[in-house]
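This one's a predicted model, so the numbers in the text were calculated from it and none came from an experiment. Lettering follows sequence order; numbering is per chain, from 1.
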Protein chains: 2
Amino acid sequence: MAEEMLDALDRAGVRLTGPRRRLAALIARREGHFTAADLVKDVGRRRLGIGRATVFRLLELLGEQGLLERIDLPDGSHAYIPCEPTHHHHLVCLECGTTTDVGDCGIEAVTREAARRSGFTIEQHRLELFGRCPNCSSAN
Amino acid sequence: MAEEMLDALDRAGVRLTGPRRRLAALIARREGHFTAADLVKDVGRRRLGIGRATVFRLLELLGEQGLLERIDLPDGSHAYIPCEPTHHHHLVCLECGTTTDVGDCGIEAVTREAARRSGFTIEQHRLELFGRCPNCSSAN
DNA sequence: AACACATATGAGACAGAGTCTCAATACCGT
DNA sequence: ACGGTATTGAGACTCTGTCTCATATGTGTT
Ligand SMILES: [Zn+2]
Ligand SMILES: [Zn+2]
Ligand SMILES: [Zn+2]
Ligand SMILES: [Zn+2]
């Protein structure tokens, strides 16, 4: 998982620096979604001495490579999800943060229909599903 | 449109104060989506002397009443759209900001299918469609 | 292995969004 | 008109994210 990110960075032609390697490892060991602040806290806790700016820079880079997707939680804050670089959507557990990928399942048909009705040209869409994962559902 | 908001506020049991009336009027005359900062700027331009905090407080109130929906633009910033309080989704023009409502068009089926596959209990979802409105499409 | 130079880094300043507190004010039922 | 309570504006504050710039570190070349 960390290797995957580093490979992608290499392919993208950027340098494989120490901070980037350490951050990739931190991201790889996280579960579910996380915020930039979470990562910064991890860095602090392990005294890695990596600057805040560097964390944000890497998040942006990985986002561009499609390995991280930024979602907007219902409370308005931003979170990241490690991701395959193909188009798909996310199911986010509001309790434990676990996420699952969801294939398009017919969304394309919905956007086509919306385009037809409205006359808009649709260029991108964002679908986020929130709820409880099987674990958290049963352990109510 | 402004009346609609004021009625809803009245029904919600909050006071119909001067600042709220003036803000409702400002919101009513906006077109397309707008940010909190846009509203604050409007207030400043017209020297209405309404504090920033009051603007945010009203946006939250109207959101709770379902008359305003907060969306997350592709660049990560938040914007508001005046809205009917029934569940639906938005088509946002990336060029001029125009928005159009879209009924569910089959989204429910998509969420049901996603729930079945993943075992999640889905509680809410957010679908945002971005593109160009008929005007902006033709005037390329 | 050392070099040269572009890229990346950390610190901290900065800008913007949104929240909070609190004394002063304005609404609204009586 | 009055009184109690909800609301207000000001400004402090917190948090997110960006920017700058002097320094450090990769990396292709020798
Ligand atoms: Zn994904
Ligand atoms: Zn869960
Ligand atoms: Zn709407
Ligand atoms: Zn348009």
Side-chain angles (χ1 to χ4, degrees), chain A residues 5-27 33-65 68-81, chain B residues 5-27 33-65 68-81:
Chain A
M5 294 189 199
L6 295 173
D7 283 356
L9 291 178
D10 198 17
R11 254 176 284 121
V14 302
R15 294 186 180 170
L16 262 46
T17 66
R20 283 177 179 162
R21 290 171 196 277
R22 278 171 265 148
L23 282 175
L26 279 188
I27 291 174
H33 62 250
F34 60 91
T35 63
D38 290 334
L39 251 197
V40 170
K41 237 178 276 166
D42 285 355
V43 166
R45 208 174 308 123
R46 293 167 191 251
R47 285 167 234 285
L48 296 181
I50 297 172
R52 252 165 58 79
T54 301
V55 172
F56 279 96
R57 287 187 279 235
L58 184 61
L59 289 174
E60 189 182 358
L61 258 181
L62 292 175
E64 284 166 6
Q65 300 310 311
L68 227 47
E69 187 158 322
R70 186 167 73 185
I71 62 168
D72 195 54
L73 299 179
D75 73 354
S77 59
H78 290 145
Y80 292 85
I81 303 180
Chain B
M5 294 188 199
L6 294 173
D7 284 355
L9 290 178
D10 198 18
R11 256 176 280 122
V14 303
R15 292 185 183 171
L16 263 43
T17 65
R20 283 176 180 161
R21 291 172 196 276
R22 277 171 266 148
L23 282 175
L26 279 188
I27 292 174
H33 61 250
F34 60 92
T35 64
D38 290 334
L39 251 196
V40 170
K41 238 176 280 170
D42 285 356
V43 166
R45 207 172 310 123
R46 293 166 190 252
R47 286 167 232 286
L48 297 180
I50 298 172
R52 254 165 59 80
T54 301
V55 172
F56 279 96
R57 287 187 279 234
L58 182 62
L59 288 174
E60 188 182 357
L61 258 181
L62 291 175
E64 283 166 7
Q65 301 310 310
L68 227 46
E69 187 159 320
R70 186 168 70 186
I71 63 168
D72 195 54
L73 298 180
D75 74 354
S77 60
H78 290 143
Y80 293 85
I81 302 181

Compare side-chain N and O positions of [X] against OP1 and OP2 of [N] and report whether any pair is under 4.0 Å apart.
X: A/H78; N: D/dC15; answer: no
X: A/T17; N: C/dT9; answer: yes
X: B/R20; N: C/dA26; answer: no
X: A/T54; N: C/dG10; answer: yes

Over how many whole Å does the gap from [X] atom [atom1] to [N] atom [atom2] extend?
X: A/L62; N: C/dA8; atom1: CG; atom2: P; result: 13 Å
X: A/I50; N: C/dA11; atom1: CD1; atom2: C1'; result: 14 Å
X: B/L58; N: C/dT19; atom1: CG; atom2: P; result: 13 Å
X: A/L59; N: C/dA8; atom1: CG; atom2: P; result: 16 Å
X: A/L61; N: C/dT9; atom1: CG; atom2: C1'; result: 13 Å
X: A/L6; N: C/dA8; atom1: CG; atom2: P; result: 14 Å
X: B/L9; N: D/dA6; atom1: CG; atom2: P; result: 16 Å
X: B/R22; N: D/dT8; atom1: CZ; atom2: C1'; result: 11 Å

Roughly how far apart are [X] [atom1] and [Y] [atom2], rounded to 0.5 Å?
X: A/D38; Y: A/H33; atom1: CG; atom2: NE2; answer: 8.0 Å
X: B/L68; Y: B/L59; atom1: CG; atom2: CG; answer: 6.0 Å
X: B/L26; Y: B/I50; atom1: CG; atom2: CD1; answer: 6.5 Å

Is there, by distance only and without an angle test, a donor paired with an acceptor across the side chain of [X] and the base of [N] below 3.5 Å?
X: A/R15; N: C/dA6; value: yes
X: A/R57; N: C/dG10; value: yes
X: A/R52; N: D/dG17; value: yes

### Message
Show the nearest heavy-atom pair for residues A/G49 and A/V43, with the distance to one decimal.
### Response
N-CG1, 4.3 Å

### Task
Would you classify B/G18 as touching base, sugar-phosphate or nothing, given that sugar-phosphate means primed atoms plus P, OP1 and OP2, and contacts are heavy atoms under 4.0 Å?
sugar-phosphate

### Message
Under 4.0 Å, counting only non-hydrogen atoms across every strand here, what does A/G76 touch: a base, just sugar-phosphate, or nothing?
### Response
nothing

### Task
For side-chain contact (heavy atoms from CB on, under 4.5 Å), just list the numbers for B/R11 and B/D7, CA-CA rounded to whole Å, side-chain angles, deciding distance to a tenth of an Å, and then say yes or no.
CA-CA 6 Å; B/R11 256 176 280 122; B/D7 284 355; 3.4 Å; yes

### Query
DNA chain C: B/A36 or B/P19, which has the more 5' nearest nucleotide?
B/A36

### Query
Among D/dG17, C/dA17, D/dC19, which is the nearest nucleotide to the side chain of A/F56?
D/dG17

